[in-house]
Amino acid sequence: MKIYKFLSLFFIAFALLIVSSCRNNDDEDIQDTTPGNLQIKFENGFNNLGNIVLNQTTQTSSNGQKHQFSTLKYIVSNITLIDESGNEFKYNYNNPDKGAFIVDQAEATGGVVYLNLNDIQKGNYKKVKFGLGVSPQAYLLGQNGQGVFWDKAKTAGMAWSWAAGYIFTKLEGKYGTSSPDTEFMNHAGNMGDTTANGTPDLYREITLDLPTTARVSKDITPSIHILADLNQYLSGQTALTLNTANNMAMGSSQHLVNVTDNLSKMFKVDHVHND
């Protein structure tokens with residue numbers, strides 16, 4: 001009888017120990033705020049032709065104009081993740097040296113350009129937001145406040161003089177009616193201090209819903225795959241036609257304002273992997 005009571009007490013104590021251990025582990029999981037990492041993939045293509053091959057893939061615009069790219073680059077900055085409660089995690093916001101990237105189709109691997117972000121706050125994220133270009137606030141930090149990225153942009157051909165600033169989007173190639181045989185260069189970006197200069201602000205922020213929650217933790221590095229439909233360039237919300245008046249446009253003319261507005265609508269999240 002004593003042995004029975006002893007065994008009963010032993011099993012009860014053992015069960016309580018297991019429950020307590022599980023609760024402690026659960027509490028540790030909840031309280032563990034160790035940051036994780038995140039990967040963002042940009043895949044540039046035409047909506048009906050797949051990945052863009054420079055100097056090869058030819059698209060026909062809604063106005064019947066054939067065009068192809070020899071250069072396709074744009075700056076992405078101020079990446080922000082928005083969680084289930086609407087809280088925002090801003091990744092090196094207005095800090096180009098650490099938070100700005102150049103998406104260059106010439107550097108794509110298998111049609112994809114990879115951005116790897118570290119020290120991301122643990123969380124379950126439902127949306128991603130990012131800037132196309134560099135914000136006026138970041139530019140006004142001055143050249144010394146972003147020397148690393150400025151040098152990188154200059155090397156990549158994504159900047160004018162400091163007084164002029166960054167090239168946000170750089171599209172070059174050929175266009176034509178029956179075949180793409182006439183060169184074009186459209187370089188869009190802010191011209192210095194837009195407020196002081198009275199010039200258009202071409203910086204745009206884009207917010208995208210994630211089809212699957214991105215669960216960032218020390219053990220999970222989500223990958224967000226973004227598709228960019230360059231058909232929006234000439235066939236977006238404003239249908240555009242390249243001609244001798246705009247085929248060598250640089251700066252922030254009305255044509256390039258239209259180009260920027262079109263391109264800001266080209267992004268969508270295709271899928272999210274939580275690995």
Side-chain angles (χ1 to χ4, degrees), residues 40 42 44 71-82 86-104 113 115 117 119-121 127-172 185-208 226 228 230 232-233 236-238 240 246 248-267:
I40 300 181
F42 284 89
N44 298 310
T71 299
L72 195 177
K73 302 180 184 182
Y74 50 89
I75 293 176
V76 170
S77 67
N78 286 349
I79 296 172
T80 301
L81 298 170
I82 304 171
N87 301 310
E88 294 187 348
F89 170 74
K90 297 184 176 182
Y91 184 77
N92 294 306
Y93 201 81
N94 285 334
N95 181 355
D97 279 354
K98 295 183 178 181
F101 305 87
I102 298 171
V103 177
D104 183 353
V113 177
L115 308 184
L117 286 58
D119 291 327
I120 303 297
Q121 180 176 295
K127 297 182 180 182
V128 62
K129 179 167 64 174
F130 58 89
L132 182 61
V134 174
S135 74
Q137 293 77 13
Y139 172 77
L140 291 177
L141 293 174
Q143 188 172 355
N144 292 334
Q146 52 203 289
V148 174
F149 185 70
W150 176 254
D151 288 343
K152 183 177 181 180
K154 288 286 287 184
T155 300
M158 293 299 286
W160 292 298
S161 67
W162 175 253
Y166 293 99
I167 299 172
F168 294 173
T169 60
K170 187 172 191 176
L171 304 177
E172 299 178 0
M185 298 171 63
N186 277 187
H187 299 178
N190 285 354
M191 303 307 295
D193 184 342
T194 57
T195 300
N197 296 336
T199 52
D201 177 11
L202 270 58
Y203 174 74
R204 300 287 184 270
E205 287 199 340
I206 296 101
T207 302
L208 304 174
I226 296 176
L230 271 296
Q232 297 295 314
Y233 169 44
Q237 65 180 26
T238 301
L240 301 174
N246 59 31
M248 293 294 164
M250 300 185 187
S252 57
S253 65
Q254 185 56 51
H255 169 71
L256 293 175
V257 171
N258 292 335
V259 167
T260 298
D261 288 338
N262 283 356
L263 295 179
S264 68
K265 302 295 191 298
M266 70 179 177
F267 301 101

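Not measured: the values here are computed from a predicted model.
- Nearest approach of A153 to I102, heavy atoms of both residues: CA-CD1, 4.0 Å.
- Nearest heavy-atom pair across L202 and G251 is CD2-O, 3.8 Å.
- The aromatic rings of F42 and Y74 sit perpendicular to each other, their planes meeting at more than 60°, with 30° as the lower class boundary.
- Here the CE-OG1 distance, from M266 to T169, works out to 8.0 Å after rounding to the nearest 0.5 Å.
- Interatomic distance, CE of M158 versus NZ of K73, reported as 7.0 Å (0.5 Å rounding).
- For D104, there are no side-chain hydrogen bond (donor to acceptor under 3.5 Å, both in side chains) partners at least two apart in sequence or on another chain.
- Under the side-chain hydrogen bond (donor to acceptor under 3.5 Å, both in side chains) criterion, K129 pairs with E88, sequence neighbours left out.
- Taking CG of L230 as the start and CG of L72 as the end, the distance is 4.5 Å to the nearest 0.5 Å.
- Under a 3.5 Å cut-off, the side chain of N78 and the backbone N or O of F130 do not form any donor-acceptor pair.
- Of the possible donor and acceptor atoms, one in the side chain of N197 sits under 3.5 Å from a partner among the backbone N and O of M191.
- Applying the side-chain hydrogen bond (donor to acceptor under 3.5 Å, both in side chains) rule to D97 yields no partners; only residues at least two apart in sequence or on another chain are considered.
- Taking OG1 of T80 as the reference point, atom CZ of F89 lies at 9.0 Å (rounded to 0.5 Å).
- Residues that satisfy the side chain to side chain contact (heavy atoms under 4.5 Å, CB included) test with E172, not counting sequence neighbours, are S70, T71, K170, M185, H187.
- For D261, the salt bridge (charged side-chain N to carboxylate O under 4.0 Å, His left out) partners two or more places apart in sequence, or in a different chain, are R204.
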Using the side-chain contact (heavy atoms from CB on, under 4.5 Å) rule, take L117 and F101 through it: C-alpha gap first, then chi angles, then the decisive distance, then the call.
CA-CA 11 Å; L117 286 58; F101 305 87; 4.1 Å; yes

What verdict does the side-chain contact (heavy atoms from CB on, under 4.5 Å) test give for V103 and N44, after you've listed the backbone C-alpha separation in whole Å, the side-chain angles of each residue and the deciding distance to 0.1 Å?
CA-CA 9 Å; V103 177; N44 298 310; 3.9 Å; yes

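- K98 pairs by the salt bridge (charged side-chain N to carboxylate O under 4.0 Å, His left out) definition with nothing, not counting sequence neighbours.
- For K152, the salt bridge (charged side-chain N to carboxylate O under 4.0 Å, His left out) criterion is met by no residue, not counting sequence neighbours.
- With sequence neighbours left out, the side-chain hydrogen bond (donor to acceptor under 3.5 Å, both in side chains) criterion links N190 to D201.
- Of all heavy-atom pairs spanning W160 and A164, the tightest one is CB-CB, 3.5 Å.
- Partners of T155 by side chain to side chain contact (heavy atoms under 4.5 Å, CB included), not counting sequence neighbours: none found.
- Here the closest heavy-atom approach between residue S135 and residue N94 is recorded as OG-OD1, 2.5 Å.
- A search for side chain to side chain contact (heavy atoms under 4.5 Å, CB included) contacts involving S77 returns A100, Y203, not counting sequence neighbours.
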Name each donor-acceptor pair under 3.5 Å that joins a side chain in residues 141-150 to protein atoms two or more places apart or in another chain, with its distance.
residue: Q146; atom: OE1; partner: Y166; partner atom: OH; Å: 2.8
residue: Q146; atom: NE2; partner: A138; partner atom: O; Å: 2.7
residue: Q146; atom: NE2; partner: G142; partner atom: O; Å: 3.1

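- Not counting sequence neighbours, the partners of L140 by the side chain to side chain contact (heavy atoms under 4.5 Å, CB included) test are D193.
- Taking every heavy atom of both residues into account, F168 and L132 meet most closely at CD1-O, 4.1 Å.
- The CD1 atom of I79 sits 11.5 Å away from the CD atom of E205 when rounded to the nearest 0.5 Å.
- Counting only heavy atoms from C-beta outward, the side chains of L171 and L263 approach each other to under 4.5 Å.
- Contact record, N186 with V259: OD1-CG2, 4.1 Å, taken as the closest heavy-atom pair.
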